[in-house]
Amino acid sequence: MAAVIDGNKIAQNIRNEVRQSALEFKEKTGIVPGLAVVLVGEDPASQVYVGKKAKACAEVGFLSREYKLPAETSEAKLLSLINDLNKDHLIHGILVQLPLPEQISTEKIIAAIDPHKDVDGFHPYNVGGLVTGSPLFIPCTPRGIMELIARTGIDLKGKEAVVVGRSNIVGKPIALLLLAQHATVTICHSRTKDLPSVTRRADVLIAAIGKPQMIKANMVKEGAVVIDVGVNRLENGKLAGDVDFNEVAPKASYITPVPGGVGPMTIAMLMKNTLDAARNKVSKSKLRNNF
Ligand code: GUN
């Protein structure tokens with residue numbers, strides 16, 4: 001029977017660490033890290049996420065600002081807000097909640113964010129940095145998964161890692177991070193032939209598909225580490241992951257639950273990225289003063 005990885009507890013530990021570091025940073029520099037969260041429209045799931053981000057900011061002692069714009073907001077209007085936030089000295093991190101309404105190009109908006117404030121790690125500059133191994137920011141969910149794995153004491157060197165899902169937010173970046181930790185990485189997706197035969201090779205299986213309970217016991221190797229990134233709302237209103245927990249848990253060595261696994265780590269890592277953004281700004285201005 002698998003040990004259940006407690007994401008709530010690990011995320012709480014990280015938020016405590018960030019709160020302590022932010023306090024020390026403020027004592028040294030007088031600077032309070034600031035995060036701007038932009039939400040366009042009224043998607044209920046996005047509203048919940050944005051609320052959680054503001055609550056986490058308050059807990060770790062950051063300045064947080066929320067910008068709630070109507071669903072019919074134009075691309076030009078949103079670009080102008082981002083431009084203002086790029087110049088705002090009190091704001092170190094900018095997060096535009098996705099998905100955006102269809103009249104707005106997500107690509108254009110992400111590219112408009114100053115890469116030094118891109119705490120989501122979605123800007124092409126940071127995506128490129130992730131490929132070559134030196135991003136300013138790592139996307140929050142993948143960074144959270146790596147932290148869960150590290151804090152559980154799992155060594156990735158030489159392991160077979162299989163990622164199911166190829167999104168820009170999770171699948172692609174987590175594959176690169178696992179590779180950087182010397183795992184042998186396979187990325188699967190909806191057109192992969194004989195998916196169970198590939199997922200059964202995994203020492204570490206990352207499920208980031210968005211289909212409730214799709215990963216069954218016959219798709220998992222005995223003793224695998226199973227990380228479930230799915231957050232799916234079932235018809236009965238309950239949350240379910242991409243992994244059939246009851247079937248898979250007896251076979252795995254470690255497994256993350258939904259809720260209470262990867263989810264809380266995403267927000268903890270957003271706090272860490274925002275603190276890093278504020279710190280990076282100070283070290284950059286120090287450099288300018290020295291030369
Ligand atoms: N929508 C779903 N996940 C994310 C995320 O990590 N960041 C942003 N900005 N939007 C999201």
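Order of listing sets the numbers, starting from 1, for every ligand and every atom in it.
- Residue-level proximity to ligand 1 for Thr266 is absent, since no heavy atom of it falls below 4.0 angstrom.
- A salt bridge links Asp276 with Arg143; the closest basic N to acidic carboxylate O contact falls under 4.0 Å.
- For Gln12 and Asn16, the side-chain atoms include at least one donor-acceptor pair closer than 3.5 Å.
- Within ligand 1, counting atoms from 1 as listed, the ones closer than 4.0 Å to a heavy atom of Leu98 are 1 (N), 8 (C), 9 (N), 10 (N), 11 (C).
- Contact annotation: for Leu95 versus ligand 1, heavy atoms closer than 4.0 Å belong to the side chain alone.
- Among the atoms of Val96, some N or O lies under 3.5 angstrom from an N or O of ligand 1.
- The pair Glu24-Lys26 does not count as a salt bridge, with every side-chain nitrogen at least 4.0 angstrom from each carboxylate oxygen.
- Checking Lys53 against Gln97 by side-chain atom types alone, a donor-acceptor pair falls below 3.5 Å.
- When Asp120, Leu270, Val170 are ranked by how near their heavy atoms come to atom 9 (N) of ligand 1, first place goes to Asp120.
- Of the protein's non-hydrogen atoms, the one nearest atom 11 (C) of ligand 1 is Gln97 NE2, 3.4 Å.
- What sits closest to atom 4 (C) of ligand 1 on the protein, heavy atoms only, is Ile169 CD1, 4.2 Å.
- In terms of heavy-atom proximity, Leu179 sits nearest to Val185 at N-CG2, 3.7 Å.
- Between Glu75 and Lys108, at least one side-chain N (NZ, or NE/NH1/NH2) sits under 4.0 Å from a carboxylate O, which counts as a salt bridge.
- By the criterion of a heavy-atom distance under 4.0 Å, the side chain of Phe122, and not its backbone, is placed next to ligand 1.
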